[in-house]
2 protein chains.
Amino acid sequence: MIIRMSRAPHHPTRDQIELPLLLDCLSDPIRLAIVYSLAKQEQPAEMRCGDFNALSGKSNLAYHFARLREAGLIQTRIAGTTRFMRLRRDDLELRFPGLLDSIIAAAARDAERLQLPDCEIVTEG
Amino acid sequence: MIIRMSRAPHHPTRDQIELPLLLDCLSDPIRLAIVYSLAKQEQPAEMRCGDFNALSGKSNLAYHFARLREAGLIQTRIAGTTRFMRLRRDDLELRFPGLLDSIIAAAARDAERLQLPDCEIVTEG
DNA sequence: CACATTGTTCAATAGTCGTTGAACTAGTGA
DNA sequence: TCACTAGTTCAACGACTATTGAACAATGTG
C-alpha cells in the first residue's frame, strides 16, 4: 500500500481502482464519515474541505483526502482557494456494482455508533 | 483497533460486529482470499486451516484467522486436532444486509488481479 | 511409549498508519 | 501593499500491522 502524496492529485482511472485499497480506505472512521457525507449530499454533491473541519484538524483531513483520492473514491476540483470534492459514484458503480451503496447503507445503519455527521452541514452563510 | 488474540476464540455477538473492523479485515488480500474461498464453498461450507496453506505460512494464517474471528467474519469449530471454519453468513446478512455479497461479488470480478484461489481446493483424499 | 500432524502462541522485525503542529503556498480582499 | 483565508506539505511521534521462525499444546497413530 504505497502512498504517493506529493505533486498533483493523481486520481486513478476507473480500472485502476483496487478493491483492497478501497476497503482499507473506508475502514477508517473519519474517511467513512467523509464518504458518507458526500453520498448523502444532494446534487451537485460537492463539498468543500472546510465542511469537514468538525471531524479533525486541517492537516489530518488533508491526509485523509489524499488517501481517498488515491483510492479512487473522490475527485477534487480546485476553484480559487477552495477545493470541491465529490464521490466518484459512476466510476465506482461501474467498477464494483452495488458495492458502495451497500457500504453506505451499512454505515447508515450504524450512523449513531459511528458518530456520522447528520449531514445537515452548515455552509456558513 | 485493539486486538486481543490470547485465550479463547472470542467470537463477537452479531450486534458487536463493527463495520470499520469488518472492512479493515477484508482489505487484506490474504483475509479476503480466505473469506472468498469460504463464500464459494458448497454446504456445509466448512474448511480447515490447512486448506489455506498455499496462501501463507501457518503462523501467519493463525494470525489472520484470529483477526477474522475478532471481526465476526468467521466462526471456528474444533474437532480433534483440526479446526473447521465457516463464514458467519447469516449473522452478517442480518447485521449489514447485502454487504458481504457485494464485497464477494466485487472480489470475484477481480479474481485474477487479486490472485484469489480457484476454490477447487483439494481436500487431499 | 515415541512420533508425526494440526494449529496456536510468543518474540522480534521492518514497515506503515493516523495524528500533531509548524511552515508553506496560493487566492481574496482591504 | 498587508493581512486573511483555505488548504497542503513536512517532520516527527507513538502505535499498530503483517510476517517470520522457534517453541508449544493437543490430538491421533505406529
Side-chain angles (χ1 to χ4, degrees), chain A residues 1-11 18 20-34 46-71 74-85 115 121-125, chain B residues 1-11 18 20-34 46-71 74-85 121 123-125:
Chain A
M1 199 174 303
I2 293 109
I3 309 281
R4 192 146 306 292
M5 285 196 39
S6 43
R7 309 280 161 251
H10 186 242
H11 298 91
E18 301 277 358
L21 210 46
L22 187 151
L23 296 176
D24 182 67
C25 239
L26 295 176
S27 74
D28 180 275
I30 290 185
R31 291 193 292 262
L32 183 59
I34 293 171
E46 279 188 325
M47 294 180 83
R48 308 175 320 180
C49 297
D51 291 332
F52 301 100
N53 283 343
L55 294 176
S56 184
K58 281 161 68 165
S59 70
N60 184 234
L61 285 178
Y63 164 74
H64 288 301
F65 291 142
R67 298 219 41 186
L68 287 167
R69 253 186 278 114
E70 302 263 350
I74 66 174
Q75 192 159 37
T76 305
R77 178 175 66 89
I78 302 180
T81 160
T82 86
R83 282 119 204 265
F84 290 97
M85 16 216 12
Q115 302 193 80
I121 286 160
V122 186
T123 322
E124 176 201 323
Chain B
M1 201 175 307
I2 292 107
I3 310 280
R4 193 145 308 290
M5 286 194 41
S6 43
R7 307 281 160 254
H10 187 240
H11 298 91
E18 301 276 358
L21 210 46
L22 187 151
L23 296 176
D24 183 67
C25 240
L26 295 176
S27 74
D28 181 276
I30 290 184
R31 291 193 292 262
L32 183 59
I34 292 170
E46 279 188 325
M47 295 180 82
R48 307 175 320 180
C49 296
D51 291 332
F52 301 99
N53 283 343
L55 295 176
S56 184
K58 280 161 67 166
S59 69
N60 184 233
L61 285 178
Y63 163 74
H64 287 301
F65 291 142
R67 296 220 41 184
L68 287 167
R69 252 185 280 112
E70 302 264 350
I74 66 174
Q75 191 158 38
T76 304
R77 178 174 65 90
I78 301 179
T81 161
T82 85
R83 281 121 205 264
F84 291 96
M85 18 219 7
I121 286 159
T123 324
E124 174 199 325

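Below, chains carry the letters A, B, ... as their sequence lines are ordered, and counting in each starts from 1. On a predicted model such as this, the values are computed, not experimentally measured, just so you know.
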For C:dG18, does either OP1 or OP2 sit under 4.0 Å from a side-chain N or O belonging to A:Arg31?
yes
Taking the side chain as C-beta and beyond, is there a heavy-atom pair between A:Asn53 and A:Lys58 under 4.5 Å?
yes
Gap between atoms CG and P, on B:Asp24 and D:dA15 respectively (whole Å)
19 Å
Rounding to a whole Å, what distance do you find between A:Lys58:NZ and C:dT25:P?
16 Å
Spacing between B:Leu21 atom CG and C:dC17 atom C1', to the nearest angstrom:
16 Å
Taking atom P of D:dA6 as reference, at what distance in whole Å does atom CZ of A:Phe52 sit?
15 Å
Would A:Asp28 and A:Arg67 pass as an ion pair if we require N to O under 4.0 Å?
no
Given side chains that start at C-beta, do those of A:His11 and A:Thr76 come closer than 4.5 Å, heavy atoms only?
yes
Per-nucleotide protein contact string for nucleotides 19-30 of chain D (B base, S sugar-phosphate only, - none; heavy atom under 4.0 Å):
BBBB----SS--
Roughly how far, to the nearest 0.5 Å, is CG of B:Leu23 from CG of A:Asp24?
9.5 Å
From CD1 of B:Ile74 over to P of C:dG7, roughly how many Å is that when rounded to an integer?
12 Å
So what is the end-to-end bend of the helix from C:dC1-D:dG30 to C:dA30-D:dT1, with 5 pairs used at each end and the value given to 10 degrees?
10°
Atom pair CZ (B:Arg48) and OG1 (B:Thr81), whose distance is rounded to the nearest 0.5 Å:
9.5 Å
Measuring only between side-chain heavy atoms, which start at C-beta, is B:Glu46 closer than 4.5 Å to B:Arg77?
yes
Can you tell if the side chain of A:Met85 reaches within under 4.5 Å of the side chain of A:Phe65, non-hydrogen atoms only?
yes
Return the value, rounded to whole Å, for the distance between atom CZ of B:Arg83 and atom P of C:dG7.
8 Å
Just so I know, are the side chains of A:Ile30 and A:Asn60 near enough to count as touching, which here means a heavy-atom distance under 4.5 Å?
yes
To the nearest Å, give me how far apart CG (A:Asn53) and C1' (D:dG7) are.
10 Å
Quick one: does A:Leu22's side chain get under 4.5 Å of A:Cys25's, heavy atoms only?
no
Rounded to the Å, how far apart are B:Arg67 CZ and D:dC16 P?
11 Å
